[in-house]
Colleague: 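This structure is in structure tokens; I'll ask about it shortly.
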Amino acid sequence: MSCFCAPQEEFYCEVLLLDETKLTLTTQQQGIKYWLDPSKTLSEHKDLIATGPPYTLYFGVKFYAEDPCKLKEEITRYQFFLQVKQDVLQGRIPCPLDISAQLAALAIQSELGDYDPYKHVSGYVSEYRFVPDQKEELEDAIETIHKTVTGQVPSEAEANYLGTAKTLDMYGVDLHPVFGENQSEYFLGLTPIGVVVYKNKTQVGKYFWPRITKVHFKETQFELRVVGKDCTETSFFFEAPNKTACKHLWKCCVEHHTFFRMPENDSNTLTRKLSKFGSLGSKHRYSGKTAMQMGRDPSISLPRPDLQVVRTRSKTYPKRPPPTTGQLDIQNTLLTRLFIFSAKVTKAENGGPEEQRGKPNAPWDENLLLCDGSVWSNMFQLHCCLID
């Protein structure tokens, strides 16, 4: 599972848009991904200044919605769709073959519309990339499923994509490598519902945000104190690879806890309380709005009327040459084993069907630098990658 591998080194900065909206950026160094402090100027981020420019800017999702299908605006769902599609392509969200084919078919439907045998000749799927190390067998399965999802406009196909992706184990998981007893390798995953513990790529523990009473770090040691069902507190200790990684883990944990779990009136109080749990004089606080605050903001009426979503084409690649006769036999055997997926509706939280209505076809682009102004805009952050 490539999501458990160390990412490439990248460096990020902060950008002020023309409408004076401030967007936070991230940096990656020695396998650690950092969201830079929006209270600091660009020149105060020493690691960034020492290594650049030039930079490439792009947006990313910092806080993943637990249910992205419930996001109120199409532009927000579209941005989440682009991010999750990239997560799947880059291996951060592993998924089995049949689910990969389902997701890719919905992405094709959003991009190309209904299957047309006169326009979509054999091999048309090979011009696009959906998963790492994409194989021809998967592309044939995608083409087969694409024929079954006709009638879905782009917004509907994207919502159905998110409805399937949100059920995957690694959706919205921010992974941090740590060590446990006897230097056993673990990963701590920060999610919308709490902290998940992985060992040997398998989930071995889950601590929900409301039950986490203390987050503490000292040197390379990270502590989670959790209240059990019997109301007794238990501390779990992990060793980070270094001091910097440990402090970064602590800061991310504070931010996730504050964003997802804190009521509007209590967020600042608890953030200050959690900030005191750190060591070495650290006073990190999450300065943005929480999910609950944004959802209750009376100044924002969503969805906004007449909001247009501009889509442009994805990056394409040379079409794969046609297979030989022997290869065709293998592909036909694989296709008979795949579950044919046709998503016409998505599930609402109460389990009932919820019709997805979108807008007419329009071009779209994976690299669209557009941040949504809806209640979920604080989830999006801007990235800047160092170009070697």
Side-chain angles (χ1 to χ4, degrees), residues 65 67-89 93 95-131 134 138-168 171 303 306-316 335 338-349 351-366 368 370 372 374:
D67 186 355
C69 299
K70 293 184 178 180
L71 297 172
K72 294 182 180 180
E73 288 196 314
E74 179 184 344
I75 180 64
T76 316
R77 294 191 298 271
Y78 170 62
Q79 293 292 331
F80 264 75
F81 163 73
L82 294 181
Q83 178 67 74
V84 174
K85 187 156 71 78
Q86 185 181 74
D87 291 343
V88 174
L89 172 61
I93 303 181
C95 49
L97 180 63
D98 58 337
I99 301 299
S100 297
Q102 295 169 20
L103 294 176
L106 290 169
I108 284 286
Q109 178 69 18
S110 172
E111 171 115 18
L112 302 180
D114 292 346
Y115 174 79
D116 185 336
Y118 297 101
K119 294 191 302 182
H120 305 141
V121 297
S122 179
Y124 70 98
V125 174
S126 67
E127 298 182 22
Y128 303 89
R129 296 292 180 267
F130 302 103
V131 297
Q134 185 168 304
L138 174 64
E139 294 167 357
D140 291 333
I142 295 169
E143 181 176 339
T144 300
I145 299 176
H146 181 210
K147 299 174 183 178
T148 71
V149 294
T150 57
Q152 299 184 36
V153 296
S155 60
E156 184 178 2
E158 292 158 12
N160 289 327
Y161 184 105
L162 293 173
T164 300
K166 72 180 182 181
T167 65
L168 297 172
Y171 165 79
D306 303 322
L307 180 65
Q308 298 297 318
V309 180
V310 179
R311 297 173 173 88
T312 54
R313 294 293 300 273
S314 301
K315 181 180 179 180
T316 57
L335 288 175
L338 285 174
F339 172 73
I340 305 303
F341 175 75
S342 179
K344 297 294 184 181
V345 297
T346 58
K347 296 283 186 176
E349 186 178 30
E354 177 183 72
E355 295 293 337
Q356 300 294 315
R357 297 180 177 87
K359 297 185 178 181
N361 289 332
W364 59 275
D365 180 16
E366 286 181 321
L368 179 67
L370 179 63
D372 182 23
S374 76

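Quantities reported herein were computed from a predicted structural model and do not represent experimental measurements.
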Colleague: Tell me, do E73 and L307 make a side-chain contact under 4.5 Å, heavy atoms counted?
Modeller: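 Answer yes - side chains close enough.
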Colleague: When rounded to the nearest 0.5 angstrom, what distance separates CG in L82 from OH in Y161?
Modeller: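 Going from CG on L82 over to OH on Y161, the span is 9.5 Å.
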Colleague: Taking all atoms of both residues into account, what is the closest heavy-atom pair of S126 and E139, and its distance?
Modeller: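 Between these two residues, the closest heavy atoms are CB-OE1, 3.2 Å.
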Colleague: How about Q86 and F81: do any of their side-chain heavy atoms sit closer than 4.5 Å?
Modeller: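 No, side chains not in contact.
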Colleague: Does the side chain of Q109 come within less than 4.5 Å of Q152's, by heavy atoms?
Modeller: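 The answer is yes, as the side chains (C-beta and beyond) meet within the 4.5 Å cut-off.
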Colleague: Starting at OH of Y78, measure out to CG of L162 and round the result to the nearest 0.5 Å.
Modeller: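 Answer rounded to 0.5 Å: 12.0 Å.
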Colleague: Under 3.5 Å, is there a donor-acceptor pair between the side chain of T144 and the main chain of D140?
Modeller: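 Yes, the answer is positive, given that a donor and an acceptor are paired below the 3.5 Å cut-off.
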Colleague: Given side chains that start at C-beta, do those of H146 and H120 come closer than 4.5 Å, heavy atoms only?
Modeller: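 Yes, their side chains come closer than 4.5 Å.
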Colleague: How far does NZ of K147 sit from CG of D116, to the nearest 0.5 angstrom?
Modeller: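 Those atoms lie 11.5 Å apart.
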Colleague: Strictly distance-based, threshold 3.5 Å: is any side-chain N or O of E143 a donor or acceptor partner for the main-chain N or O of V125?
Modeller: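 Side chain of E143 to backbone of V125: no pair is present.
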Colleague: Do the non-hydrogen side-chain atoms of V309 and S155 ever get within less than 4.5 Å of each other?
Modeller: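 Result no, sub-4.5 Å side-chain heavy-atom pair not found.
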Colleague: Do L89 and F130 have side-chain heavy atoms sitting under 4.5 Å apart?
Modeller: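 When only atoms from C-beta onward are counted, F130 and L89 do not touch, as no gap falls below 4.5 Å.
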Colleague: Is there a side-chain hydrogen bond (donor to acceptor under 3.5 Å, both in side chains) between Y128 and R313 once you walk through the steps?
Modeller: CA-CA 10 Å; Y128 303 89; R313 294 293 300 273; 2.5 Å; yes
Colleague: If I compare all heavy atoms of V149 with all of A105, which pair ends up nearest, and what's the gap?
Modeller: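 The answer is CG2-O, 4.3 Å.
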Colleague: Tell me, do K166 and P68 make a side-chain contact under 4.5 Å, heavy atoms counted?
Modeller: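 Yes, their side chains come closer than 4.5 Å.
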Colleague: Got a donor-acceptor contact below 3.5 angstrom from the D87 side chain to the I93 backbone?
Modeller: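 No, D87 side chain to I93 backbone: no donor-acceptor pair under 3.5 Å.
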Colleague: Taking the side chain as every heavy atom from C-beta outward, state whether Y124 and Y115 have any pair of such atoms under 4.5 Å apart.
Modeller: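 Result yes, sub-4.5 Å side-chain heavy-atom pair found.
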Colleague: Show the nearest heavy-atom pair for residues K85 and S314, with the distance to one decimal.
Modeller: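 Heavy-atom minimum between the residues: NZ-OG, 4.1 Å.
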Colleague: So, the side chain of R77 versus the backbone of A159: is there a donor-acceptor pair under 3.5 Å, distance only?
Modeller: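 No, the answer is negative, given that no donor and acceptor are paired below the 3.5 Å cut-off.
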Colleague: Pair S110, E158 - check side-chain hydrogen bond (donor to acceptor under 3.5 Å, both in side chains), show working.
Modeller: CA-CA 7 Å; S110 172; E158 292 158 12; 2.8 Å; yes
Colleague: Using the side chain to side chain contact (heavy atoms under 4.5 Å, CB included) rule, take D98 and L138 through it: C-alpha gap first, then chi angles, then the decisive distance, then the call.
Modeller: CA-CA 9 Å; D98 58 337; L138 174 64; over 6 Å; no
Colleague: For A65 and L71, which heavy atoms make the closest approach, and how far apart are they?
Modeller: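 Looking at all heavy atoms of both residues, the shortest contact is CB-CD2, 4.1 Å.
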Colleague: How long is the straight-line distance from OH of Y171 back to SG of C95, given to the nearest 0.5 Å?
Modeller: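 One gets 14.0 Å once the value is rounded to the nearest 0.5 Å.
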Colleague: To the nearest 0.5 Å, what is the distance between CD1 on I108 and CD on E127?
Modeller: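 Result: 9.0 Å between the selected atoms.
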